[in-house]
Structures are given as C-alpha cells and as structure tokens.
Amino acid sequence: MQNHKKQDSISVNLISEQNEVRPISQQPAGNAGKEPFCVYDHKRHAVGSIIVNEDGTQSVCCEDGSWKVK
C-alpha cells in the first residue's frame, strides 16, 4: 500500500480504459509536494500522463492539474 502523504513520488503514466496504469518513464517525475499533478482514480499522476479512453481519444495531464483532450 502506498503512503498517501503529500510528498509521494509521482511519475508520468499511461492509463488504459481498464484502469491499468503503466509508467512511461522508469524515473519518478518529482514529488507531489513540489511538482504539479493530476488526480485520476484517487491517485496522483505527473504532468504528461495520458489516459486512453475506450473510443480511442486521449486526455493529457496539464500543468494546471486538469485533464485535457489531446
């Protein structure tokens, strides 16, 4: 179980429609206390993370903490 404190490490992830989360990079992108992040399924994801929707569209995590359609 991950420690859900504000200082958690966050990484850039690829999220499929079945909620499978795969890191795009092996290195953490930073920590949630200092870097911007987006929340999906109660988890923090670094800027640049991508959600692939069932219809094939993609949403990307932006600097303002929102998901934008690509």
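Both backbone and side-chain heavy atoms feed into the values below; hydrogens, waters and symmetry mates do not. We're numbering straight along the sequence, starting at 1.
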- Query: Sub-3.5 Å donor-acceptor pair from the side chain of Asn53 to the main-chain atoms of Gly56, do we have one?
  - Reply: no
- Kindly say whether Ser11 contributes a backbone atom to a donor-acceptor pair with the side chain of Asn13 at under 3.5 angstrom? yes
- Counterpart residues, side-chain contact (heavy atoms from CB on, under 4.5 Å), relative to Cys61 (two or more places apart): Cys38, Val47, Ser49, Trp67
Rounded distance [0.5 Å steps], [atom1] in [X] versus [atom2] in [Y]:
X: Asp41; Y: Arg44; atom1: CG; atom2: CZ; answer: 13.5 Å
X: Ser9; Y: Glu35; atom1: OG; atom2: CD; answer: 10.5 Å
X: Asn31; Y: Asp8; atom1: CG; atom2: CG; answer: 8.5 Å

Using distance only, find each side-chain donor-acceptor pair of residues 23-30 under 3.5 Å and give its atom names and separation, not counting sequence neighbours.
unit_1: Ser25; atom_1: OG; unit_2: Gln27; atom_2: N; d: 3.1
unit_1: Ser25; atom_1: OG; unit_2: Gln27; atom_2: O; d: 3.1

- Closest contact, heavy atoms only, Val60 versus Ile50: CG2-CG1, 4.3 Å
- Query: If you look at every heavy atom in His45 and Lys43, which pair is closest and at what distance?
  - Reply: CD2-O, 3.4 Å
- Query: In this structure, are over 12 heavy atoms from other groups packed under 6.0 Å from Glu54 atom CD?
  - Reply: no
- Message: For residues Leu14 and Val12: do they belong to one hydrophobic cluster (side chain heavy atoms under 4.5 Å, members Ile, Leu, Val, Met, Phe, Trp, Tyr)?
- Response: yes
- Message: Let's go through Asn19 and Tyr40 carefully: what are the C-alpha distance in whole Å and the side-chain angles of both, what is the deciding distance for side-chain contact (heavy atoms from CB on, under 4.5 Å) to 0.1 Å, and is it a yes or a no?
- Response: CA-CA 9 Å; Asn19 287 335; Tyr40 178 79; 2.9 Å; yes
- Note on the structure: In short, salt bridge (Lys or Arg N to Asp or Glu O under 4.0 Å) pairs touching residues 59-70 with sequence neighbours left out are Asp64-Lys68
